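We name chains A, B, ... by the order of the sequence lines, and we start the count at 1 in each one. Remember, predicted model here, so these are calculated numbers, not experimental data. Below, each value reflects all heavy atoms present in this structure, side chains not excepted, and no hydrogens, waters or symmetry copies.
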There are 2 protein chains.
Amino acid sequence: MPSLPSGFLGDLDPTSDRAVFRQIADQLREAIDRGRFKEGEKLPSEAELVDHYGVSRMTVRNSFSVLQGEGLVHAEHGKGVFVRPRPPVRRLASDRFARRHREQGKAAFIVEANAAGSHPQVDSLEVKEEKASQDVSTRLGSVRRVLARRRRYLLDGRPVEFATSYLPLDIARGTPIAEPNPGPGGIYARLEELGHRLDHFEEEIRARMPSPAEVKTLRLASGVPVIHLIRTAFDAEGRAVEVCDTVMAADAYVLSYQLPAT
Amino acid sequence: MPSLPSGFLGDLDPTSDRAVFRQIADQLREAIDRGRFKEGEKLPSEAELVDHYGVSRMTVRNSFSVLQGEGLVHAEHGKGVFVRPRPPVRRLASDRFARRHREQGKAAFIVEANAAGSHPQVDSLEVKEEKASQDVSTRLGSVRRVLARRRRYLLDGRPVEFATSYLPLDIARGTPIAEPNPGPGGIYARLEELGHRLDHFEEEIRARMPSPAEVKTLRLASGVPVIHLIRTAFDAEGRAVEVCDTVMAADAYVLSYQLPAT
DNA sequence: CAGGCATACTCGTATAGACGAGTGGGCAAG
DNA sequence: CTTGCCCACTCGTCTATACGAGTATGCCTG
């Protein structure tokens with residue numbers, strides 16, 4: 001027999017035209033917002049809410065699915081439904097590709113994560129030549145084939161970002177850029193050594209719900225969108241020398257940009 | 001009696017350990033991805049899928065709810081379930097606040113929308129003095145009360161963005177900035193006239209699922225995240241003179257930034 | 001012909017029940 | 001005491017049924 005739910009929740013309004021499962025979702029949402037249920041805490045079980053409200057189990061589950069879609073809670077099989085904790089956020093500053101950061105040697109992600117006191121990892125490294133997609137080809141100026149560098153970034157064991165860099169073969173082939181580890185300062189440092197002095201970057205940002213594949217590689221909870229960032233790097237001659245396609249768990253990132261007013 | 005579904009869908013694999021509703025969702029998703037069902041097109045009805053797969057209606061609905069959560073489809077009561085069309089996208093360039101754009105007179109949103117051939121509107125205008133939230137107060141440098149300018153932007157009748165500007169009272173009170181229509185060039189032009197020469201902007205970008213209130217004001221379909229943008233404007237003395245808090249329908253925007261490589 | 005109603009289709013909401021599977025604690029056997 | 005099993009509790013999946021409410025169509029009535 002399930003014990004009584006902790007008196008945080010009110011009653012239903014039978015006269016309301018608001019659907020019962022919405023009323024329940026509303027009450028739970030409000031209780032969470034007011035901090036009655038804290039981050040990571042367990043909500044009343046389905047059985048308890050069935051008892052408390054006198055509704056059927058599917059109705060309670062329906063309420064939970066509303067909150068799940070809002071990214072407020074997540075269910076764990078065999079354990080319960082929990083208030084989703086806000087993970088530590090990685091802040092991307094707009095000067096993160098400044099030359100001065102590149103001169104230190106270590107990869108930006110590692111340095112930054114260490115500074116924030118978290119444990120960074122990079123995995124799923126893959127470097128290979130392949131056919132450029134229509135989009136990448138357009139951005140790089142009609143190239144056929146490209147060098148693709150894929151990798152996944154993790155913070156304290158949690159995957160937060162999956163990125164692929166595309167470079168024209170005439171630039172990258174046979175250079176350290178085509179190696180799994182391109183050396184200190186990353187591929188941007190190598191590009192400059194190869195005579196492609198970087199001039200500026202262009203970043204395009206979208207947000208959307210993840211595909212099933214993205215849910216898998218980023219281990220995303222339901223109700224968590226992704227930020228899709230496409231960066232193009234231009235050298236001093238105005239040539240696009242790299243396109244980097246990045247998909248980030250939206251709950252792990254804040255992007256920050258500085259714009260001149262001129 | 002519902003007619004037969006259009007032969008696009010396969011059978012279930014009873015030996016698979018993948019849940020039936022997921023298998024159905026997979027098949028529908030693939031059919032959509034392959035263009036078997038086009039944008040705006042109606043999917044087979046629940047009854048038709050019940051017949052086709054020989055499952056109960058709740059199982060079919062469960063499949064639909066998966067696809068809805070992914071933002072792929074949306075249901076219309078009394079009509080059917082449709083492939084969600086991708087709305088026209090508004091592209092925000094990082095130079096959109098450049099002084100040269102301000103000198104023309106009309107508001108940026110209007111000019112830009114007209115150029116793109118769409119019909120822009122601004123509504124829900126509200127200008128009032130109020131207590132600054134903790135966050136706004138911090139960003140503006142410990143001000144107590146602020147002038148808040150709220151407005152909603154629509155494109156071809158569809159709400160796409162809801163924005164609130166906060167300005168310190170000592171700057172805005174009694175000026176055209178406190179009027180519903182601040183005049184040509186918007187509040188940034190007025191700020192400069194008042195001696196606050198704008199130096200740069202800082203923008204913070206997050207993506208998340210919308211709150212119920214945001215779903216309402218932006219008329220968001222389920223499975224559509226929002227982009228939350230917080231911009232702070234700094235004058236030549238380094239003082240924060242405005243904070244603009246913007247919530248955008250993520251399916252209506254692409255943000256674009258230009259970063260120097262130095 | 002025009003208006004209104006009936007009807008059949010659509011999805012929305014809710015109930016009641018069944019079984020499966022993951023988790024964790026307690027109890028019993030070794 | 002340790003090991004292993006059982007059981008209670010959790011959410012996951014699925015069925016079957018019922019009624020409500022929005023939409024579109026076509027027929028019937030005036």
Side-chain angles (χ1 to χ4, degrees), chain A residues 1-6 12-26 28 37 40-69 72-84 215 221-223, chain B residues 1-6 12-26 28 37 40-69 72-84 215 221-223:
Chain A
M1 229 176 318
S3 64
L4 295 174
S6 10
L12 298 177
D13 175 3
T15 71
S16 165
D17 59 349
R18 190 153 177 81
V20 173
F21 76 89
R22 286 187 206 286
Q23 291 187 47
I24 297 177
D26 290 344
L28 291 169
F37 300 111
E41 221 172 286
K42 186 177 165 300
L43 296 182
S45 75
E46 293 176 357
E48 285 171 328
L49 292 173
V50 164
D51 277 7
H52 178 78
Y53 288 113
V55 298
S56 83
R57 185 170 160 229
M58 286 312 293
T59 301
V60 170
R61 280 182 65 76
N62 214 340
S63 312
F64 277 149
S65 97
V66 168
L67 299 178
Q68 244 180 81
L72 276 181
V73 307
H74 69 113
E76 291 182 34
H77 194 167
K79 295 201 205 163
V81 177
F82 301 84
V83 179
R84 200 154 65 73
V215 167
S222 64
Chain B
M1 229 176 318
S3 64
L4 295 174
S6 10
L12 297 178
D13 175 3
T15 70
S16 165
D17 59 350
R18 190 152 177 81
V20 173
F21 75 90
R22 287 187 205 286
Q23 291 187 48
I24 297 177
D26 289 345
L28 291 169
F37 299 112
E41 220 172 287
K42 187 176 164 303
L43 296 181
S45 75
E46 294 175 357
E48 285 170 328
L49 291 173
V50 163
D51 277 7
H52 178 79
Y53 288 114
V55 298
S56 85
R57 186 170 158 230
M58 286 311 295
T59 301
V60 169
R61 280 182 63 77
N62 214 341
S63 312
F64 278 150
S65 96
V66 169
L67 300 178
Q68 246 179 80
L72 275 182
V73 307
H74 70 112
E76 290 182 35
H77 193 166
K79 296 202 207 162
V81 178
F82 301 84
V83 179
R84 200 154 66 72
V215 167
S222 64

(Q) Is A:Arg22 close enough to C:dT13 that one of its side-chain N or O atoms is under 4.0 Å from OP1 or OP2 there? (A) yes
Q | Test item: A:His74 and A:Glu76 side chains (from C-beta on) under 4.5 Å apart, heavy atoms | A | yes
Polar atom pairs between nucleotides 22-24 of chain D and protein, under 3.5 Å, N or O only, would you list them?
{"unit_1": "D:dG22", "atom_1": "N2", "unit_2": "B:Gly78", "atom_2": "O", "d": "3.1"}

Q.
Within the 4.0 Å heavy-atom criterion, would you say A:Arg18 contacts the bases, only the backbone, or no part of the nucleic acid?
A. nothing
**Q.** Atom of B:Val60, atom of B:Val55 and distance for their closest heavy-atom approach
**A.** CG2-CG2, 3.7 Å
**Q.** B:Arg61 CZ - D:dC14 P separation (whole Å)
**A.** 16 Å
Q.
Before you tell me yes or no, could you show the steps for A:Phe21 and A:Val66 under side-chain contact (heavy atoms from CB on, under 4.5 Å), namely the whole-Å CA-CA distance, both residues' side-chain angles and the distance that decides it to 0.1 Å?
A. CA-CA 9 Å; A:Phe21 76 89; A:Val66 168; 3.7 Å; yes
Q. So do the side chains of A:Leu49 and A:Phe64 get within less than 4.5 Å of each other, counting heavy atoms only?
A. yes
Q: Report the distance from atom NE2 of A:His74 to atom P of D:dC11, rounded to the nearest whole Å.
A: 12 Å
Q. So, do A:Leu43 and A:Phe82 sit near enough that their side-chain heavy atoms are less than 4.5 Å apart?
A. no
Q. Roughly how many Å is it from CG in A:Asp51 to C1' in D:dC9, rounded to a whole number?
A. 13 Å
Q. To the nearest Å, how far apart are B:Phe64 CZ and D:dT13 P?
A. 18 Å
Q: Could you check how far CD1 of B:Ile24 sits from C1' of D:dC14, rounded to whole Å?
A: 11 Å
Q.
I need the minimum non-hydrogen distance between B:Gly80 and B:Lys42, along with the two atoms involved.
A. CA-CE, 4.0 Å
Q. For A:Val81 and A:Gln68, what are the C-alpha separation, side-chain angles and deciding distance, and is it a side-chain contact (heavy atoms from CB on, under 4.5 Å)?
A. CA-CA 10 Å; A:Val81 177; A:Gln68 244 180 81; 5.7 Å; no
Contact list (N/O, under 3.5 angstrom) for nucleotides 15-18 of chain D vs protein:
{"unit_1": "D:dT15", "atom_1": "OP2", "unit_2": "B:Ser56", "atom_2": "N", "d": "2.9"}
{"unit_1": "D:dT15", "atom_1": "OP2", "unit_2": "B:Ser56", "atom_2": "OG", "d": "3.3"}
{"unit_1": "D:dT15", "atom_1": "OP2", "unit_2": "B:Thr59", "atom_2": "OG1", "d": "2.6"}
{"unit_1": "D:dA18", "atom_1": "N6", "unit_2": "B:Arg57", "atom_2": "NH1", "d": "3.3"}

Q. How close or far is atom C1' of D:dC9 from atom CG of A:Leu49, stated in whole angstroms?
A. 15 Å
Q | Interatomic distance where CG belongs to B:Asp17 and C1' belongs to C:dA21 [whole Å] | A | 12 Å
Q: Please lay out, stage by stage, how A:Thr59 and A:Tyr53 fare under the test side-chain contact (heavy atoms from CB on, under 4.5 Å).
A: CA-CA 10 Å; A:Thr59 301; A:Tyr53 288 113; over 6 Å; no
Q. Want to settle it: does A:Val81 or B:Ala19 sit nearer the 5' end of DNA chain D, counting the closest nucleotide to each?
A. A:Val81
(Q) Counting only side-chain heavy atoms from C-beta out, which of D:dT10, D:dC14, C:dT10 sits nearest to A:Ala47? (A) D:dT10
Q | For A:Asp13, all residues meeting side chain to side chain contact (heavy atoms under 4.5 Å, CB included), sequence neighbours excluded | A | A:Thr15, A:Ser16, A:Gln23
Q. Counting side-chain heavy atoms from CB outward, which of C:dC11, C:dT13, D:dC14 is closest to B:Ser45?
A. C:dC11
Q. Expressed in angstrom and rounded to an integer, what is the separation of B:Gln68 atom CD from C:dC11 atom C1'?
A. 10 Å
